[in-house]
Number of protein chains: 2
Amino acid sequence: LTEEFARIAWLSRLFSEGAPSKGITLGIGDDAAVLTPLSGKWVWTIDACVEDVHFRMPWLSGEDLGWRSYNAAVSDLAAMGARPVGALSSLALPANIDSKLWQGIARGQARAAKVLGCPVIGGNITRAAQISIHTTAVGQVKSPILRQGAQPSDEIWLVGNVGTAAAGLAVLMQQPESKWDAAMRGCVHAWRRPRALVEQGLALNGQANAAIDISDGLAGDARHVADASEVALVLDEHALERAILPRVKRVALGLGCSALDWALGGGEDYALLATGQPRRRPAFARCIGSVERGRGVWLEKTNGERIAVQTGFDHFAK
Amino acid sequence: LTEEFARIAWLSRLFSEGAPSKGITLGIGDDAAVLTPLSGKWVWTIDACVEDVHFRMPWLSGEDLGWRSYNAAVSDLAAMGARPVGALSSLALPANIDSKLWQGIARGQARAAKVLGCPVIGGNITRAAQISIHTTAVGQVKSPILRQGAQPSDEIWLVGNVGTAAAGLAVLMQQPESKWDAAMRGCVHAWRRPRALVEQGLALNGQANAAIDISDGLAGDARHVADASEVALVLDEHALERAILPRVKRVALGLGCSALDWALGGGEDYALLATGQPRRRPAFARCIGSVERGRGVWLEKTNGERIAVQTGFDHFAK
């Protein structure tokens with residue numbers, strides 16, 4: 001219990017550093033955090049990161065883990081076009097965890113909180129058999145971008161990279177570190193240190209008709225938009241191929257994998273997928289297809305053939 | 001994945017039943033839930049309930065587990081004197097979990113949500129080695145009751161029971177069900193089905209100077225109030241003995257345990273501890289001691305002797 005007390009005090013100090021965020025009246029230290037709502041609406045999400053499900057400990061440092069779990073949660077706010085306000089962290093740690101490791105996790109969270117402008121204002125700590133981090137985040141927005149606004153004649157916009165983190169994960173699973181080349185190292189870094197696209201999400205707000213963050217994979221998340229908007233999303237294979245980073249293609253070639261499969265199925269880059277009218281496309285967004293009447297997600301091959309894209313689902317509110 | 005999809009659809013239907021809550025603009029189904037803040041402030045908490053740490057599966061049904069984890073989270077809102085708005089649930093389930101069990105958990109959450117007026121408006125589902133439920137809840141309040149307001153000359157108020165759930169837990173750990181008498185069954189029920197004291201928390205607001213929910217045990221949570229308010233809390237042993245239910249004393253006698261230890265150390269009744277001026281004490285609150293200048297938590301024995309109370313800490317924003 002003395003140890004618990006020391007941990008809590010350490011975490012409270014760590015997370016209390018830095019300037020307070022607008023809208024936060026009381027952070028760590030009472031039964032609940034206290035927020036004073038600004039004008040507009042609040043968006044609210046929760047995301048989990050579980051050892052041996054979402055990651056294996058040899059694959060990343062504590063700092064990586066804290067950073068990526070935090071960015072994954074805040075990415076949902078980015079997808080709504082919201083500005084982060086704050087987050088609570090529910091941390092589950094094995095009883096015998098090394099203090100360097102849990103402190104590293106917290107440092108990664110604190111670093112992400114600072115970079116994303118989304119302070120940790122409370123949380124919970126508990127024992128568990130495996131490490132897991134459940135992060136809940138709140139953002140403020142005048143009017144959120146939803147999944148349901150996609151219109152026929154919209155373009156499909158990709159913001160950020162797809163397939164890079166999936167390539168990194170494949171490297172981590174298949175190649176000893178001694179064999180990594182520069183391309184592999186770049187992809188592994190993308191998996192370990194994804195970045196929630198908060199500024200891009202804010203800039204999409206008012207321009208895009210629909211948006212989602214790509215956490216389940218481009219295909220699956222496109223399907224969420226198609227279903228919510230009751231339209232068909234037609235991805236252009238040529239445009240998508242061009243969106244894949246050269247390093248990803250090099251790694252795919254080396255490992256005998258398909259970069260396109262990584263781009264369609266890999267979710268952990270936390271890119272944003274949006275739809276909108278061509279004249280409203282921001283400079284940072286790449287057009288990778290079009291919205292049409294109909295249903296489902298399709299891939300238009302370079303020869304004009306269209307194939308239905310396999311999609312999967314992982315979450316119940318995301 | 002088809003199975004995941006079916007689970008998500010089932011949960012979405014279950015949690016979407018019933019009347020929508022004020023302040024909720026969009027529930028399950030997008031990247032994040034959308035809230036439209038009412039006037040005043042928002043309080044925000046997260047709480048975890050982990051298999052083999054907070055409970056063992058033979059001790060309770062899925063419905064019990066869903067119910068008690070939900071009430072534990074909402075209890076933090078009650079302690080701030082806030083009205084619940086909604087909650088997100090991050091559920092971690094073993095891959096091979098029986099569908100009756102996870103559906104029972106969700107039904108227990110849904111039932112608690114209805115009774116507490118705090119709908120589940122989103123969440124996350126993931127695999128894990130052990131069952132765990134991380135519940136984050138938001139409440140609305142004009143001005144929250146904090147831990148830091150206790151004043152010398154305040155009474156210490158207890159709302160609800162202490163020691164009953166701890167007695168139930170002792171029964172679950174030490175006695176086969178075939179040997180339970182009525183007192184034991186009553187205590188086990190208290191452990192399985194605690195109730196967040198939302199209405200009492202609302203009624204304390206404006207009357208109490210400080211409040212906390214008793215989730216770590218009366219001694220530990222009294223210490224939180226004493227530390228935050230920079231005062232001493234002196235518990236009256238005689239008054240505390242009288243606050244312990246007769247069934248708890250019977251069970252203690254039968255198991256050779258101390259009912260007073262359960263009352264001081266057991267947290268899972270989710271009673272409320274508050275302090276306030278005698279003339280402001282609500283009818284439902286029982287006076288169990290007094291606030292004085294000084295520091296720490298003390299137990300005043302019936303012979304007038306004062307002993308320092310051992311306290312423990314478990315959480316970092318709790």
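Within every chain, numbering begins at 1; the chains are lettered A, B, ... in the order of the sequence lines, protein sequences first and strands thereafter.
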- Whether A:Asn124 side chain and A:Ser90 backbone form a donor-acceptor pair below 3.5 Å: no
- Mind checking side chain to side chain contact (heavy atoms under 4.5 Å, CB included) for A:Ser143 and listing every partner two or more places apart, or none if nothing turns up? none
- Winner by heavy-atom pair count (cut-off under 4.5 Å) against chain B, out of A:Cys49, A:Ala87, A:Ser75: A:Ala87
- Answer with side chain, backbone, both or neither: which region of B:Ala82 has an atom nearer than 4.5 Å to a non-hydrogen atom of chain A? neither
- Distance-only, no hydrogens or angles: does the B:Ser229 side chain make a donor-acceptor pair with backbone N or O of B:Gln148 under 3.5 Å? yes
- Heavy-atom pairs under 4.5 Å with chain A, option from B:Lys41, B:Arg127, B:His134 with the top count: B:His134
- Item | chain A contacts, top residue of B:Asp52, B:Ile145, B:Val141, B:Leu146 (heavy-atom pairs, under 4.5 Å) | B:Leu146
- Residue, of B:Ser132, B:Ala79, B:Ala95, B:Ala129, that accumulates the most heavy atom pairs under 4.5 Å with chain A: B:Ala129
- Note on the structure: Sorted by chain and residue number, the side chain to side chain contact (heavy atoms under 4.5 Å, CB included) partners of A:Ala113 (sequence neighbours excluded) come out as A:Tyr70, A:Val120
- With a 3.5 Å cut-off and no angle check, do the side chains of B:Ser215 and B:Glu268 form a donor-acceptor pair? no
- Once the angle between the rings of A:Trp42 and B:Trp42 is folded into 0 to 90°, is it parallel (under 30°), tilted (30 to 60°) or perpendicular (over 60°)? parallel
- Taking B:Ala137, B:Gly139, B:Ala211 one by one, which has the highest count of heavy-atom pairs under 4.5 Å against chain A? B:Ala137
- Contact part of B:Val34 toward chain A, heavy-atom cut-off under 4.5 Å: side chain, backbone, both or neither? both
- Heavy-atom distances under 4.5 Å only: say whether B:Val138 touches chain A with side chain, backbone, both or neither. both
- In terms of heavy-atom proximity below 4.5 Å to chain A, should B:Ala228 be classed as side chain, backbone, both, or neither? neither
- Task: Tell me, out of A:Leu88, A:Val50, A:Val225, who's got the most heavy-atom pairs with chain B below 4.5 Å.
- Result: A:Leu88
- Item | Residue pair B:Thr136 / B:Trp44, side-chain donor-acceptor N/O under 3.5 Å | yes
